[in-house]
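Because the structure is predicted, anything quoted here is derived from the model rather than measured. Sequence lines set the chain letters: A, B, ... in the order given, protein chains first and strands last, and positions in each chain run from 1. Any value given below was found using the heavy atoms of this structure, including those in side chains, with hydrogens, waters and symmetry copies removed.
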There are 2 protein chains.
Amino acid sequence: MASGGEPSRATLQDVAARAGVSAKTVSNVVNGHPHVRPETRERVLQAMGELHYRVNLSARHLARGRTGIVALAVPWLSNPYFAELAHHVIRAARREAERGESVTVLIDETHSDLERERQLVAGVGPQLLDGVIISPQGLTRADLEALTPMGPLVLLGERIFDGPVDHVAADNVAAARELTAHLLERGRRRIALVGFGDQRAGTAQLRRDGIRQAVEAAGLTLDATLQLPVEGLEREHGMRAARRLMERPDPPDAVVCFNDVVAVGMLKALSLDGVGVGPGAAVAVTGFDNIPESGYTVPALTTVDWRTEELAETALEVLLDRIQSRRTLRPREITTPHRLVVRDSS
Amino acid sequence: MASGGEPSRATLQDVAARAGVSAKTVSNVVNGHPHVRPETRERVLQAMGELHYRVNLSARHLARGRTGIVALAVPWLSNPYFAELAHHVIRAARREAERGESVTVLIDETHSDLERERQLVAGVGPQLLDGVIISPQGLTRADLEALTPMGPLVLLGERIFDGPVDHVAADNVAAARELTAHLLERGRRRIALVGFGDQRAGTAQLRRDGIRQAVEAAGLTLDATLQLPVEGLEREHGMRAARRLMERPDPPDAVVCFNDVVAVGMLKALSLDGVGVGPGAAVAVTGFDNIPESGYTVPALTTVDWRTEELAETALEVLLDRIQSRRTLRPREITTPHRLVVRDSS
DNA sequence: ATGAAAGCGCTAACAG
DNA sequence: CTGTTAGCGCTTTCAT
C-alpha cells in the first residue's frame, strides 16, 4: 500500500452521523467527559472503529487554543549530557501524560546560536508551543525583556539573576568549589582550567568563580597561564589542550575541564602520551556533568553529577504549572541538588 | 513580567483592519506570495510590527491540511548513535527549511516499546505529523499492513524485506562480514558474540548472519557457547559480559559486540582486569555504530561507521518526497554506504 | 444527557 | 492586484 493507503478522512461529524448522535456527544466520548449514557457511548465507539476515526489535532489545537506541545531547546544533542536531559524530559512528559492532559515534547537544537534562541523564545504562544524549556547559551536578560510578549518559559541550567522568568538550575559555583576543594585536599596545587574561556554565557564564569573561591580559601592563587581557552567543547579539543598543557616546562598537577566531553579527550591524550592520571600519579583530571561514558573511561572520571532526572522533572513541572496559571505565579527560582562523584582520575 | 506578558493576541484580521486591507492581502504578505504592491506590503508589514503579530500555526495547519512537522522515532536518545542521528536529521531539516517549506522535526523515543511504535505509525496523518521516520525495534511487516490507513512513513536502519514502505538502511550483513573478515585476517579464531541475543528485531540477526558468512568462508565455525545474550545494551552489560567471558577456561580471542556502547563496557572491564586488548594482545574487541566516544576509548575501538549524516539526509529526503507525492511513488529501498573503521582494539 | 450553532485564525477559490 | 466568502474539524456555551 506504499505508505499511502487513503489516510483516515473520517471526521467527527461523520462519526456523529453514523452513530446517529450529535457532534457534541462524539466529542464528549472522545474526551472522556462524563454524562454520556453507556449505551450511547457504545454506539459512538463502534462508529469510530468502523470509520477508523482519529482526531485531527490541528483542529483541536485551534479550538482549544493550546497545542499540548512544549519544546526543550538544547545547544547540541551530540553532547551526551543534553541527550540524557532530553531523554528524561521526554520520560517525564510521558508520565505526566498518563495521568492527565497529554504533553508532547519537541526537542530542538539551538547550536548555541543566539538568533535561534531568540526565535524560539519569540515563538512561544499561539505559534505552536505552549511553552519552552531552554538551556540558553547566549540569551541575556535584555533579550528576555525585549521579547516580552512571550509565553511560558523556563530557563534551565543557566543562572540569570533576577531574570523575569522561571529558572531551574543546580548551584554551579558550589559544585565547582567542592570539586576544587577535593583536588586541593588530595594535595594538588597547580590547577589548570580547560574550556572555560570561550563561553559568552554564564556557566563557565560561575564554575570559574567556584574554583577560585576554593583556591583562595586555601590561601593559594590560580596561575592565569594555566587557563586554556579551546576552540570548541568536543573530545578533540580536550585532546589538543592536553598536548599544549603537557608540553610546558611547568605542567599542572590537576586539570579541571569545563565538561566531561572535554575531559574524555584530555584523558585519551594523556593515556597516549603515557602520563599517569589519578591519585598519586602525575596529574588529576576532572569534568562536569557525569555523562554515562565517564564511568567507563580509563581511569574513570571524577566529575559532578547534576541529577539530570530530577532536573528534567522539575523543569517540566514548573513549566506546566506556569502554563496553567499564567499570571498568578511569581517567577520561580529553583536550585536542584548536585553530587560530587569521585572516581579514579583524581 | 513573569514569563506571561499578554501573549500576542493579534490576529490576521486585526492586522488587515489596521492596514486597511483584506485578510487575503495580509495572508499574501505573510506567505511571501507575489502580486502584492510594494507599497501595500509596506503598510501591512508595519501593521504587523505594531501589533506584534505572529501567525497562529494551529490555524494554518488546519487550513492547509498539513503541519510541516515530521517525527523521528528512535528507541533511546541515551544511545549516542541515536542522539547523533537525531542531530543530523534536525540539521537536515533546517537546511531544507532554508530553501522552501519549513520542516520541524519532533524527536520521539519509543523505548523499544512495540506498542509505542504502533501508536506512532498509526498517528501519522491528520493527527499532528505529516510523516514519520522510525528506527523500529519490534515493528513487523504485519503491523504495517494492519495499520494500513497511515501516512508517509520511512523505515530507518531496519530491513523488513518487501515491506510496503520506504526504507533507508545500510547493509548490516556486509558490514558484519567485513568486520569479521578483518578479525580473521588478523589471526583471530575464537570469536565471541555479545548482545546479539535479546533482540526481537532483525538487526541482530542480520549482523549475526554476516559474521557467520565470514567465518564459514574461512572454513571455520562459530562456537555457540561463545554467544552471550545480555540483559540490555548499555555499557554495564558489556562490562558484565566481559567477566563471564574471561572467567572461562577457554576464553575467546576476539569479541564482536552488538554496538559500540556495549563494546565500551567490555573494554573497561578488560582494562580493569588487565587483559590486553589489540593487535598481538590477548583479545580483540569490536563494535558497531562508531559513536563519538569510540575514538577515545583506550584502546580506541574498531567499529563500523554508518555515515550517520548521509543516512539522516537521505531518510528525510525520501520522507519529504513521499509527503509531496503520496501515491505516485512506489516504495523506495535505499542502501546507504558504510565504512569499516579499524582502530587499536583489533 | 444530548443537540444546535457559533466560532478558533487562517487559507484558497473565485470574483472584481 | 485585492476583496469576499466559505470552509478546515473540533470545542463549547446555551438550550432543551
Tell me: [atom1] of [X] to [atom2] of [N], nearest whole Å?
{"X": "B/H61", "N": "C/dC10", "atom1": "NE2", "atom2": "C1'", "value": "11 Å"}
{"X": "B/R43", "N": "D/dT2", "atom1": "CZ", "atom2": "C1'", "value": "11 Å"}
{"X": "A/Y53", "N": "D/dG9", "atom1": "OH", "atom2": "C1'", "value": "7 Å"}
{"X": "B/L12", "N": "D/dC8", "atom1": "CG", "atom2": "P", "value": "19 Å"}
{"X": "A/R66", "N": "D/dC10", "atom1": "CZ", "atom2": "P", "value": "19 Å"}
{"X": "A/M48", "N": "D/dG9", "atom1": "CE", "atom2": "P", "value": "17 Å"}
{"X": "A/R64", "N": "D/dG9", "atom1": "CZ", "atom2": "P", "value": "17 Å"}
{"X": "B/R60", "N": "C/dA12", "atom1": "CZ", "atom2": "C1'", "value": "13 Å"}

Does A/E115 pair with A/R118 as a salt bridge, N-O distance under 4.0 Å?
yes
Is B/D166 salt-bridged to B/R330, going by a charged N under 4.0 Å from an acidic O?
no
Both A/A59 and B/R37 contact DNA chain D. Taking the nearest nucleotide for each, which residue is further toward the 5' end?
B/R37
Within the structure, does a side-chain N or O atom of [X] lie under 4.0 Å from either OP1 or OP2 of [N]?
{"X": "B/T25", "N": "D/dG3", "answer": "yes"}
{"X": "B/S27", "N": "C/dC10", "answer": "no"}
{"X": "A/T40", "N": "C/dT2", "answer": "yes"}
{"X": "A/S22", "N": "C/dG3", "answer": "yes"}

Assign B/V36 to base, sugar-phosphate, or nothing according to its heavy-atom contacts below 4.0 angstrom with the strands shown.
sugar-phosphate
Applying a 4.0 Å non-hydrogen cut-off, can you work out what A/V21 is touching in the nucleic acid: base, sugar-phosphate, or nothing?
sugar-phosphate
Would you indicate which nucleotide in [options] comes nearest to any side-chain atom of [X]?
{"X": "A/K24", "options": "D/dC10, C/dG9, D/dT12", "result": "D/dT12"}
{"X": "B/N56", "options": "C/dC10, D/dT4, D/dC10", "result": "C/dC10"}
{"X": "B/A63", "options": "C/dA12, C/dG3, C/dT11", "result": "C/dT11"}
{"X": "B/N31", "options": "C/dT11, C/dG9, D/dT11", "result": "C/dT11"}

Looking at every non-hydrogen atom in both residues, tell me the closest pair between B/T314 and B/V168 and how far apart they are.
CG2-CG1, 4.1 Å
Taking for each residue the nucleotide of DNA chain C with the nearest heavy atom, is it B/L62 or A/A23 whose nucleotide lies nearer the 5' end?
A/A23
Say whether A/E109 and B/H87, considering side chains only, have a donor N or O and an acceptor N or O under 3.5 Å apart.
yes
Any idea how B/W76 and B/H111 line up, ring-wise: parallel (<30°), tilted (30 to 60°), or perpendicular (>60°)?
parallel
